[in-house]
Every structure is written in C-alpha cells, then in structure tokens.
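Letters A, B, ... are given to chains in the order of the sequence lines, protein chains preceding strands, and every chain is numbered from 1.
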Amino acid sequence: MKTYSVVGKSVERTDARIKVTGQAYYAGDLTAPGMLHGKILRSPLAHGRILNIDTSKAKALPGVMAVITGRDFPGIPFGTRPDIRDQLPMPITKVHHFGEGVAAVAAVDEDTAEEALDLIKVDYEELPVVLTAEDALAPGAPLVNEFKNSNIAYASDFMFGDVEKGFKEAYYIKEEKFSSQRVSVGFIEPHACLAQVDSTGRILLQGSKQSPYITWRHMCRALDIPLSKMRIVNPFVGGGFSGKHDPFDVDFAAVRLAQITGRPVKIVLNYDEVLAAYRQRNAMDAKLRIGVKKNGEITALYAENILEGGPISGIGPFNIYYFGAFLNIPYKIPAIEYHGKLVYSNRAPCGTVRGQEIVLAQFCIDSLLHMVGEDLGIDQVELRAINAVPSNWVCANGIVVDVSGLSECIEKASEKIGWKESRKEKKEGRGIGFSCASHPSGPRLGGHFGSAVMLKLLEDGQVIITQGATEIGQGSNTVFCQMAAEELGLPFEYIIQGVSDSDTTIFDSGMFGDRATYWDGNATIAAARDLKKQLAEIVAPSLNAKPEEIEFENKRVFVRGEPARGMDWLQAVRKAYYEKGAPLYGRGNWAALDIDIVDWKTGKGNLVHGLDFIATAIEVAVDRETGQVELIKAVHGDDAGQPINPAMLEGQVNGGSAHMSGHALWEESLYDEKGRVLNYSWRDYKQPTAMDAPEYHVEHIHTHDPYGPFGAKGAGEASSCSTIAAIANGIYDAIGVRIKELPITPEKILKGLKEKEGK
Amino acid sequence: MFIRRLPKFEYHAPESIEGAINLKLTYGEDGRYIAGGTDLLIAMKKREVTPHHLISLSNIDTLKGISMADDGGIRIGAMTTLGEIERSELVKRYATPLWDAVDVMASTQIRHLATIGGNLCSAVPSADSAPPLIALRAFLKILGPSGEKTVPVENFFKGPKETVLNGEEILTSILIPKVDENSGGCYRKLMRRKAMDLAIVGVAAWIKLDQEKKRCIDARVALGAVAPTPIRVEEVEKRLIGSIIDETSIGEAAKIAGTQCRPITDIRASAEYRCSMVEVFTKRAVLGAMDRIMAG
Ligand SMILES: Cc1cc2nc3c(=O)[nH]c(=O)nc-3n(C[C@H](O)[C@H](O)[C@H](O)COP(=O)(O)OP(=O)(O)OC[C@H]3O[C@@H](n4cnc5c(N)ncnc54)[C@H](O)[C@@H]3O)c2cc1C
C-alpha cells in the first residue's frame, strides 16, 4: 500500500492557534456599521392560543426600530420534507412550547431591546398540554400542531427478512422495554446570527449554523424568496451536534428585522434560552424482542419505538428511519420487524443529537444482548464476536457492508480493558460493560446531495480550498487540507482554508451522519486531480512528456519514474500564470451514486457506504451507598478505515463517548405538569464536565474502505452509539442492577439495589 | 423567567470600611455591598434584587488575606477569594475541613473571583464554607456604624438568604480557633458532577480524642443543603462525645444525623435521598476526621 506523507499524520488543526488565542470570530462577535440588536419575547405557556399581540407601546419606546410577530412573515410553513411542512418562522395562531418566541424587537442597544420586550402585551388562551407520547396518543388528546389533524407526526413500518421464521428458530427469546429522557444537544456556543440586507434586497446571513444549506433552503421558502436572494456566510461555529441544522426564530427574526429597518441586526441568545426552548433529543419509549440460538447467534429482532419529539417534525422522520433501518448493523440479524412512530407534544422541539437515534436503538439492543448473555451464560465478548457483521456482508434490508473491522475492534477493546482478567478476580463495586455500534458515512438523500470542492491556485504556489462541508469544530477543514496536500504532493502548510460562503462554495446538503470526511474528501481528491491535470498539460511539453506521465510529489512536478526530469512546483505554477496566462482552479465533486436513495417507506436498499465500526468497553465503579457511578476507563476499538488525522479522530471518538456519558448518567431536561422547563440553567442541567470523563483509549483498527478517500470512513458518531449501553451494562456487571430508563440516576440505582436485596 | 441584562447601577469603590459604611448609610436599601459578585450579579440579572448603587469592598485591603493570629488561630479576611484559600498552606494545615470545601467549590475561574465573605453572606443552605466553619467553631467579626461584634458561625444564619447582618454591617473576618491536640476534621460534599456543582448534601465533622487517641472528648458536626440554613447537629455530637469512635458509634451518630435534617424535595434530589445521604456522608466525614487524627 502507498505510504502517505500528510494523510495519517496528526498535523495541527488549521484553526487551533486562532481558537486557543481567542481570535476566532463567532457569530456573536460580529459587528456591522449601524448594527441593531435584537431580542425575542418568549411564551410563558407550553400550549396556548394567541388571541392578540399588542406591540404599540414597544414600538413607541425611543431607540426601538422595529417589532415583529409571526404575522410579519408570509405564513408559509416549512419542514424537512414536503409532507411534513409543519412549522412557521414564528407562531401566528398558537404557541406550542415553553419559551417559544412570539415577538422580536430590534433596537439601538440590547438594554433598550430588552425593555421593549416588557412592553409587548400578549393575550393567550391557555390550552391543555400534551407532554408524553402517552398523552399524545390518548383518545381525544388535544392537537399540538395546527398543520396536522393528528398527534402522530410520522410513522414507519419496516419488515426485513422472515421474522416469524427467525423467532421460530430461536432457542431463547427475550423482550424488554426501554425508555430515554429529553436531553439538550450540548454545543458550547448559543444560537446567534447577524443579518444584513443590501440595497437590492439581497440578504446576507452569518449565523452559528451547522448545515447552512438546510437553513438557506428552509428560510428562502418561508420568506418566499428565491435562493439567489440570500447569501450565507458561515463564521466559526462553536459546535453543532445536530442542534443547528435548521433555521430558528433567531435567524428569521434577525432577517425580517433587518429587512424592515434596513440596518444590520444581530441576535445572540443566552444559554438558558437554548436549554429551555431549542433543540433536544427525542424521548423514547421502546419495546424490543430478540431471538437467539443456544450459542447466542441472533435469529430475529422485533422493535417498537415511539419518539416524543415536541411540536414540530423537524428531522424527526430521519430519527424514525435511522432507528429502524440501522437495526441491521452492527450485528448479523437475519430478520427484523420495526414499527416507529414520531408524536407531537408541547415540549421543546427536537432535532437529534450526535449519532442520530442509532444512539437510542443501540442502547436498547446492546442492553438486551447483555441480558441474553447473562440468562444463557454466554460470555459478553463472545456474544458480540459471534454476531459481529463481517466484511462483504449483506444485511437483511439490503445494506452491503464492504469492510468491517468489528471483530478486531471487539478483540482489542476487551484485551485493553482487561476483560478476561476481570472475570477471574472481580473487584467490589467495579464492572465492565460492552457495546458495539456502526454508523454509515452519510446517506443519499432526495434533492441536492452531492459534495463539491474548489481549489484555487495562488501565484505563490499555495492553494486555497473551499468545500461544501462546514467546519463546526469537528476538524473537517484540517482533514480536507491534508487530503489536498497529499494528492497535490505539497506540504500541509501549502493549503489554506477558504471561507464558507454560499456565493463561492456549493454547500453540502447538510453536515450530518459522518458524511463530510467521506463525501467531501472524495471531492477534494477529485479537485486536486483536476488541478494536476490542468497543470500537467501546461508543463508536459517543456519536459518532452505526455500530460499523463506527469507526477506531483515533494513540491516537484516531474516525469513518472524520473524525478530529475521535472521542475519545482512553484516553477510550474509560474509557468501557468506567466507563460500561459492560465490562473487555475481545480474543481471536484463527488456523490455516492451506486447506493440507493433513502427509502423512507421500506427502509430497504443498499443505503450507505463506509460503515464505520466500534466496540466500546467501559469500566465503572458504583458506590453502593450513594448510587453514584464513576467512569473509570473507556476503551474504543475503532474502525474508521484509514485514519486521516489520528489525534483528531481520537478526539471525535472520545468526544462522542464523553458526550453520551452525559445522556447515560446525568442529563435530563425536566418539565413540570404544565410543560414548563424546570432546569434550564447549567447549574441545574447536569452536563458532565471534563472532571467526570474517564481515562480514554482508542485502538485504531486500520481498514481500507474501497469507496472512501484514502480508504477512510466517516467517524465520530459510532462512539456516541456504543457508549450508553456500555455504561448500563457496566453498572449491571458491577452491582447486578439493570436500569432500562435513562438517565441512570443514583436514586434509580439505590432503588434497584433495594429491590434486589428485598428478593 | 429568563436571565436578563445587568440592570444599570452606579459603582463605588471605597478604600476603607468606614467609607463603605458611610456609602451604605447614604443609599440605604438602594445600595448593596459587592464582593466577587458571583452571587449578586446573577441575582441582579434575575431581577431578584435591583440596587442602584453597588459598593465594592474590593479596594479595602484590611478585609483581605490569611494570617495566623497570636493565639495560634487563623484569621481570614472576608474579601479573601476561594482561590487564595485553596492555595493557602495555613488553611490546608490548620483548617483542613475548610480547605476540603473550597477544593470542591465551583470552578477555578469562579474561585478566582468569589470570596468567602460573599459565600457566608449569601447564606444559601448549600453554602459550602459554612459547615466546615461551624465544625471548626469559627467566629465572624462584624463591623457596623455602632461598632464591632463577634458571632459564632452557627448563629450567623437566620433563614435562606438571611443572616444576622443588619443594614450597614460588614462581615470583616473569620476567626478559626487554634487546633487542639488530637483533633481533626473533614468536609464531605455530595454532588452529581465532580466539579461546578452545588452540594446535594454537605457534612463537616470535627473530632477531638483523648490523650490515648481512644475516646472522643469533643465533637462538632454540621450539615449543609438539608435545612433552610447550614445547621449544627448537637444530637449527633452527643452520641460521639464520650464514645470510642468505632463502627457502632459512627453508625448510630450517622443515623441520628439522618433524622435531624429537614431537606426539601426539588429537582436536584428527593428529601428521602438527601436524608439517607446525610447518614452516609456523616459517616464518611467522621471517618475522614479520624483518619487525619490518626495520621497526624
Ligand atoms: C458557576 C458557579 C458555581 C458556584 N459553585 C458554588 C459551590 O460549589 N459552592 C458554593 O457554596 N457556592 C457556589 N457558588 C456561589 C458563589 O460563587 C459563592 O457563594 C461565592 O463565595 C460568593 O462570593 P462573592 O464574593 O462572589 O459574593 P457576592 O456575589 O459579591 O456577594 C454575595 C452577597 O453577600 C454580600 N456580601 C459580600 N461580602 C460581604 C461582606 N464582607 N459583608 C457583608 N455583606 C457581604 C453581598 O452584598 C451579596 O448580597 C457558585 C457560583 C457560580 C456562579
């Protein structure tokens, strides 16, 4: 195999110094001449009819330049898919959750804007609230969403293989119920944006956006303008984790206020607003039944899953789809039946969080698998190894697994955590839990779905890269610079990261599902090849060679096999610029065209490439007196194909795991009986700190994905999917208490211990 | 409902205690002392209090610093930051339970601003510095227009966010008596997270043993976060004093502690959980104190 000079090296992130020294500008740092400050008035009710909004007093306050409500927008609903367009920029007839924005103000300064909010009078008629899936599905339940005449927002029923036969063949069948809580997404930077409108009416939005394309599409639809009337520039973004895909009232209000006042408008939220009123992960109620042979081989799986997702569908259909379609991995399951439902409620609107709802599915499956292992006396590692998906495996729904390093991942993780030794001598209150997971490298969506990269060759030999993927902290920019450098035969420092701007880049369809490294990576290689081809044509005649014979390596351009017969890169660049009058762009695009488009109805097809695999082993210590769980050590055997930047890859793997340890043990957004959020401060919403993280180890299992750039796969989300069950299983291993309702709080553990002792 | 902008106020920074008291006399209810501001500014952003004059104590040097008094006790100025206390060898050595407390309070950044005086004067039930100071039998020096008074820490709190301070009085310093021979103390705090978290339960214990280090001849136990104020639990102390400190006496004392607390159920924990944790943490604090006596 080829040895790489930049790929596979832990080079310094392109943004490391800038961020560490505080020089990175985020949306909240931006200013513009004449800029106004916006603020949003929020609903104190979780469900209510808006009878009247009186903004006259607020408008009259000196320094207030504009006040808007939902009525100031065209009234066109938007949504992820045509059949679920169920949300408005700001509500018109009713409020759907606590803290929903009902009016917005732009004023000369923040204090005046805030004062104006106090002067807006909203008359509500309080409506009964729907809080849980059970509430939503109860006969005669109040309807939550005004665009739908049912509280069922979306439903899917999948059938893969012969389930009846599978359960018939089972030696042992186990059925359990699982549930999960509402959690906040957990990025650091609260929502913020700066909107400007030029004299032609063209809008410029600079916001804290994970997927500017999604924001752009939805906003233009709801504002009733063509895409070309809006430009989006992405500044530095302080984390996304799927909480910043779509446009929010923040973005809509800033734009509308800028349109009305003709002045730039900035809105920056406080984090309490984010915790109370913005994206969360769905609460889940699931029932799973698994059938296994005597040796633990899975014969069939049945899963029911109801997600309570707040008042809008958002990307909820994806959550239902992902949960069901990816039950097919990481274990070989010949037959699967799945019924998924997304229901509306009067809690904060949901998107998803890192790992999509594979996170929840995997929590259920791997918890259940552990129970089966306990019941049948099968070793937890063997149980997973025997079921692990191998390479060249065709799943029950048709997904083709090209390359799987899962068996090795399991082996390495169990070795490193000391599983065998731990069985010989069990320490009091200590336990080890396992879970595996797999995550695809991006789905093929309907509509725009390809990735594009542009390389601009500068006169001094450096290259500016712009790509459709957006850097949100995950490190994608660095990875593409590495790939471009590798392909062009240049040092990493020669590649400069360009701006993420809808005028000059073609945005990716969205930044989710571990897709960027894979899709934009391939597009980067294509762009570099395009640039090399153009340069080769210019250089070849002077070397008495054919363009196809020209190679690029070590800052040199030369005839294959004869490094001396060539010239320096810079000389070649000058040749293009000065002799041929040919300043060059390299262009590349890539899309997985040989996979099937997302099939929402059946969940079938070869839906993805680049399945990355992980086996996670976590050692926990449980305090029997307090019920507190300490995470001691976590080991991830991780197959992300060829690691492009091993240090950053480890950051992604460990970060995803640390993130979900919060969902497992600490975090829960609490609501009172009227749907008001109870803990929307960092004091009371218990996201873990660095002090709560265990010692982490990542064992890279190098594989070579046939479709991935340099053999790489996507990364970062699989560890999110494997962490929660590993913790739950570790707790069971430590004290024999099985918690199936997240989060696993000390009080639940003590209750479990009491029940166990009572037996 | 949501956090607001900081309201407008005038900022005063007198350089003497008298100057501060005079400003407070001038502005009355509309004036407020500010130390590190880590409690007060948040309360103002929530509009719980809206003084128009903030009288900073930051420029008054006599309110700062940690020193050993002539009698071997420790004096800590009210304006000493938690960070300074955390880094103090004197505190670590002679007022160990207080060091235990600051070590697990807030975060490095907050400890850099927050003062011990502010922690006591805010008087929330979970104030971490209170139980150790009660266990250490500490006194507070208070200065007002009518002169100085000295109050034991256990008598300082009147209710949630309420103290014996009236009007213009300033807490100037904390006096921790000299450590007795064969004595030791410990503070243990239960939190959900390992940092940046308020106490669900906090227990401080101080034990004094006889010459043979066998029998307990004096004890102080104080609880935080489980009653309207930090409280001293004399019933627990009574069970310990005169006893050999062993599993039985500790277990029984801890049980008593669990019955002495009066916690509420809130989103952080149920009252029931808190009571059972008082028991667990009383045990751990007493054991921690014993370990230190035996080691020292
Ligand atoms: C993120 C965060 C984490 C925290 N974690 C903890 C924790 O773990 N444990 C804990 O106990 N607390 C914690 N706190 C609360 C707070 O930091 C402490 O109570 C701190 O010690 C308060 O001190 P300060 O100097 O900031 O007080 P300030 O906010 O300046 O003052 C508090 C009150 O005391 C009055 N006051 C201050 N000094 C005097 C004086 N010398 N005489 C008279 N009145 C005075 C003020 O008028 C005000 O009413 C936390 C706070 C934050 C923001």
Colleague: Let me know if A:Asp623 has heavy atoms under 4.5 Å from chain B in its side chain, its backbone, both or neither.
Modeller: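 Just the side chain, heavy atoms under 4.5 Å.
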Colleague: How about NZ on B:Lys45, more than 12 heavy atoms from neighbouring residues, nucleotides or ligands closer than 6.0 Å, or not?
Modeller: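 Result for NZ/B:Lys45: open.
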Colleague: Tabulate, in ascending numerical order, the residues of residues 112-125 of chain B having at least one heavy atom closer than 4.5 Å to a heavy atom of chain A, or enter 'none'.
Modeller: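 Near chain A, by residue number: none.
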Colleague: Give the interface residues of residues 245-257 of chain B toward chain A, defined by a heavy-atom separation under 4.5 Å.
Modeller: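 Counting heavy atoms that sit under 4.5 Å from chain A, no residue of residues 245-257 of chain B is involved.
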Colleague: Does the pair A:Glu114/B:Arg5 count as a salt bridge with the N-to-O cut at 4.0 Å?
Modeller: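 Result for this pair is no, no salt bridge flagged.
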Colleague: For atom NZ of A:Lys751, is the number of surrounding heavy atoms from other residues, nucleotides or ligands below 6.0 Å larger than 12?
Modeller: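 Open: at most 12 neighbouring heavy atoms sit under 6.0 Å from NZ of A:Lys751.
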Colleague: Looking at A:Lys674, I want to see if its NZ is surrounded by more than 12 non-hydrogen atoms of other residues, nucleotides or ligands under 6.0 Å.
Modeller: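 Open.
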Colleague: Can you check whether A:Thr626 reaches B:Arg284 side chain to side chain, under 4.5 Å on heavy atoms?
Modeller: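 Yes. Closest side-chain heavy atoms under 4.5 Å.
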Colleague: Write out, in numerical order, the residues from residues 268-282 of chain B with a heavy atom short of 4.5 Å from a heavy atom in chain A.
Modeller: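 When heavy atoms of chain A are the reference, residues 268-282 of chain B contributes B:Arg268, B:Ala269, B:Ser270, B:Tyr273, B:Met277, B:Val280, B:Phe281 within the under-4.5 Å range.
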Colleague: Considering only heavy atoms, give the residues of residues 682-690 of chain A separated from chain B by less than 4.5 Å, sorted numerically, with 'none' for an empty result.
Modeller: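 Residues A:Trp682, A:Arg683, A:Asp684, A:Tyr685, A:Lys686, A:Gln687, A:Pro688, A:Thr689 are the ones that qualify, each having a heavy atom under 4.5 Å from chain B.
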Colleague: Is it the side chain or the backbone of B:Ile200 that comes within 4.5 Å of chain A heavy atoms, both, or neither?
Modeller: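 Contact with chain A involves no heavy atom of B:Ile200 at all.
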Colleague: Provide the closest heavy-atom pair for A:Ala276 versus B:Phe2 in the form atom of the first, atom of the second, distance.
Modeller: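 Closest approach of A:Ala276 to B:Phe2: CB-CE2, 3.6 Å.
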Colleague: Could you check whether atom NZ of A:Lys19 has more than 12 heavy atoms from other residues, nucleotides or ligands sitting under 6.0 Å from it?
Modeller: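 More than 12 heavy atoms, drawn from other residues, nucleotides or ligands, come within 6.0 Å of this atom.
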Colleague: Would you check, one step at a time, whether the test salt bridge (charged side-chain N to carboxylate O under 4.0 Å, His left out) holds for B:Arg192 with A:Asp692?
Modeller: CA-CA 10 Å; B:Arg192 279 305 297 284; A:Asp692 301 292; over 6 Å; no
Colleague: Which atoms of A:Asn270 come close to chain B, meaning under 4.5 Å heavy atom to heavy atom: side chain ones, backbone ones, both, or neither?
Modeller: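 Only the side chain of A:Asn270 comes within 4.5 Å of chain B.
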Colleague: Between A:Glu625, A:Glu668, A:Arg42, which residue shows the highest count of heavy-atom pairs closer than 4.5 Å to chain B?
Modeller: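 When all of A:Glu625, A:Glu668, A:Arg42 are compared, A:Glu625 has the most.
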Colleague: At a 4.5 Å cut-off on heavy atoms, which part of A:Tyr271 comes close to chain B: side chain, backbone, both, or neither?
Modeller: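 It is neither, since no heavy atom gets under 4.5 Å.
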Colleague: Between A:Asp272 and B:Lys46, does any NZ, NE, NH1 or NH2 come within less than 4.0 Å of an OD or OE carboxylate oxygen?
Modeller: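 No, no charged N to carboxylate O under 4.0 Å.
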Colleague: Between A:Leu665 and chain B, with a heavy-atom cut-off of 4.5 Å, which part of the residue counts as in contact: side chain, backbone, both or neither?
Modeller: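 For A:Leu665, backbone heavy atoms alone lie under 4.5 Å from chain B.
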Colleague: Can you tell which part of A:Asp672 gets under 4.5 Å to a heavy atom of chain B, answering side chain, backbone, both or neither?
Modeller: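 Nothing of A:Asp672, per the 4.5 Å heavy-atom cut-off to chain B.
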Colleague: I need the residue from A:Leu678, A:Leu670, A:Thr745, A:Asp111 with the largest number of non-hydrogen atom pairs under 4.5 Å to chain B.
Modeller: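 With the most close heavy-atom pairs to chain B, the winner is A:Asp111.
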Colleague: Could you grab the distance from atom CD of A:Glu273 to atom CD1 of B:Ile3, nearest 0.5 Å is fine?
Modeller: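 So the CD of A:Glu273 and the CD1 of B:Ile3 are separated by 10.0 Å.
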Colleague: Below 4.5 Å, heavy-atom pairs only: which of B:Lys8, B:Arg4, B:Met196, B:Lys283 has the largest tally toward chain A?
Modeller: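 The answer is B:Arg4.
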Colleague: Taking the side chain as C-beta and beyond, is there a heavy-atom pair between B:Arg193 and A:Met691 under 4.5 Å?
Modeller: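 Side-chain contact under 4.5 Å: no.
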Colleague: Where does A:Glu110 contact chain B at under 4.5 Å (heavy atoms): side chain, backbone, both or neither?
Modeller: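 Contact with chain B involves both backbone and side-chain atoms of A:Glu110.
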